[in-house]
Protein chains: 2
Amino acid sequence: MTPSPTQANSSELATLVVRASERVKSDFARAVAVFDFPPPLARAVLLLDQPAQMGCLATQMSCDQSYITRLADDLVKRGLATRAPGADRRVQVLTLTPAGEDLKAKLATAVSRESSVVNALTATQQSELSVLLSGIVNAP
Amino acid sequence: MTPSPTQANSSELATLVVRASERVKSDFARAVAVFDFPPPLARAVLLLDQPAQMGCLATQMSCDQSYITRLADDLVKRGLATRAPGADRRVQVLTLTPAGEDLKAKLATAVSRESSVVNALTATQQSELSVLLSGIVNAP
DNA sequence: AGTCAATATTTGATTGAGTCAAATAATCTT
DNA sequence: AAGATTATTTGACTCAATCAAATATTGACT
């Protein structure tokens, strides 16, 4: 029995998903490289909408908390954020400095400008894509 | 001016693409973990349809050639492939051993069984997705 | 008040996936 | 035959991220 076309194509489709993601990531990396910024750090800056506690950031980035500690070290060293204990003094609250807010705005613009997702698809296509990918992400 | 809905959603869509890819990769990793197999090595095995020269494999996996050297070392050490000089004696040709072919078949089955892309989308949805992602991947 | 469990962050060590540069070997061009 | 090109290999290294253990604080219970 020859392999069903569905099976052959599904593997190609899986690699296409991965390649699209690599494209998204490289768009992102290229956009932030201009600012001499490692992508994970840029991601953290863009997620800091309001002062956030570190564990929360770890959840959003779905990574280990200890990794956030190191990103935060870097942000503070660059003068882009401050770390201050919260009301509950176990937690540390990260807050962007004015320089951080400033950079965040520039990053957002650059990232959006470089985004193939934005540039290559119409709004309609974008929402179709969103539906399909949600199906994958939310699969059991 | 409030940010246009398009701009807000495009960043979400970008992260959705990345999350879908992470899902695809973790499906893959879970499928091959049963065989005590690092994902990149499994990927190489699945790409070895016919005897292939190493540089070619590097192109397919879009990675540095030297990385293929190390994967090949591992495959040979595990008795899954042999390395033999080709007609052009600069090149080394990788060929799956019977054990390698055997494992490859099992890997293919397991990977396809675990694939959310297969399991969560209808055939029609899969081809729609393919069109949209190609648009991203082939963007200028 | 005092103890015990749970939560948040930090540090040091380590892993995995890969790159880069230089070395070697073989082939092609002239 | 010389020099440029191509394929692979090796050693050193980077980057993103995790794990395990340590520390500090809080909450719950008695």
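Letters A, B, ... are given to chains in the order of the sequence lines, protein chains preceding strands, and every chain is numbered from 1.
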Query raised in the report: If we only count heavy atoms from C-beta on, is the A:V18 to B:F28 side-chain gap below 4.5 Å?
Result: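 No, every pair of side-chain atoms sits at 4.5 Å or beyond.
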Polar pairs (N or O, both sides) under 3.5 Å between protein and nucleotides 25-27 of chain D?
{"unit_1": "D:dT26", "atom_1": "OP1", "unit_2": "A:R89", "atom_2": "N", "d": "3.1"}

Identify, with sequence neighbours excluded, every residue that meets side-chain contact (heavy atoms from CB on, under 4.5 Å) alongside [X].
X      : value
A:S115 : A:V117, A:V118
A:L47  : A:L57, A:Q60, A:M61
B:D64  : B:S66

Report task. Enumerate the residues from residues 15-36 of chain B whose closest heavy atom to DNA chain D is under 4.0 Å, giving them by residue number; use none for an empty result. Result ->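 Of all residues in residues 15-36 of chain B, none places a heavy atom under 4.0 Å from DNA chain D.
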Report task. Strictly below 4.0 Å, heavy-atom distances to any atom of DNA chain D: list the hits from residues 49-86 of chain B, or just say none. Result ->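 Per residue number, the list reads B:Q53, B:M54, B:G55, B:Q65, B:S66, B:T69, B:R70, B:R83.
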What pairs with [X] under salt bridge (charged side-chain N to carboxylate O under 4.0 Å, His left out), at least two apart in sequence or on another chain?
X      : value
B:D49  : B:K104
B:R113 : none
B:R83  : B:D73

Query raised in the report: Could you give the distance from CD (A:E101) to OG1 (A:T95), rounded to the nearest 0.5 Å?
Result: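 Between A:E101 CD and A:T95 OG1, I get 9.5 Å after rounding to 0.5 Å.
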**Report entry** A:D74/A:R70 salt bridge by N-O under 4.0 Å criterion
**Finding:**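 No salt bridge links A:R70 with A:D74.
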Determine the minimum heavy-atom distance between [X] and [Y], stating which atoms define it.
X      : Y      : value
B:S116 : B:D27  : OG-OD2, 2.6 Å
B:G135 : A:A120 : O-CB, 3.4 Å
A:C63  : A:Y67  : SG-CD2, 3.8 Å

Query raised in the report: Can you name the side-chain hydrogen bond (donor to acceptor under 3.5 Å, both in side chains) partners of A:N119, sequence neighbours left out?
Result: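 Testing A:N119 for side-chain hydrogen bond (donor to acceptor under 3.5 Å, both in side chains), a comparison that skips the adjacent residues, returns none.
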Query raised in the report: Does B:R78 CZ have over 12 foreign heavy atoms under 6.0 Å away?
Result: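 Yes - once you tally the heavy atoms of other residues, nucleotides and ligands closer than 6.0 Å, there are more than 12.
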Query raised in the report: In residues 37-45 of chain B, which ones come under 4.0 Å of DNA chain C, going by heavy atoms?
Result: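 DNA chain C contact set from residues 37-45 of chain B: B:P39, B:P40.
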Report task. Using the heavy-atom set of chain B and a strict 4.0 Å cut-off, write down the first and last nucleotide of DNA chain C that makes it in, 5' to 3'. Result ->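 First-to-last contact on DNA chain C, by the 4.0 Å heavy-atom rule, is C:dA17 to C:dT27.
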Report task. Look at the side chain of B:S62 and the backbone N and O of B:T59, then say whether any donor-acceptor pair between them is shorter than 3.5 Å. Result ->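 Looks like no, no N/O pair under 3.5 Å.
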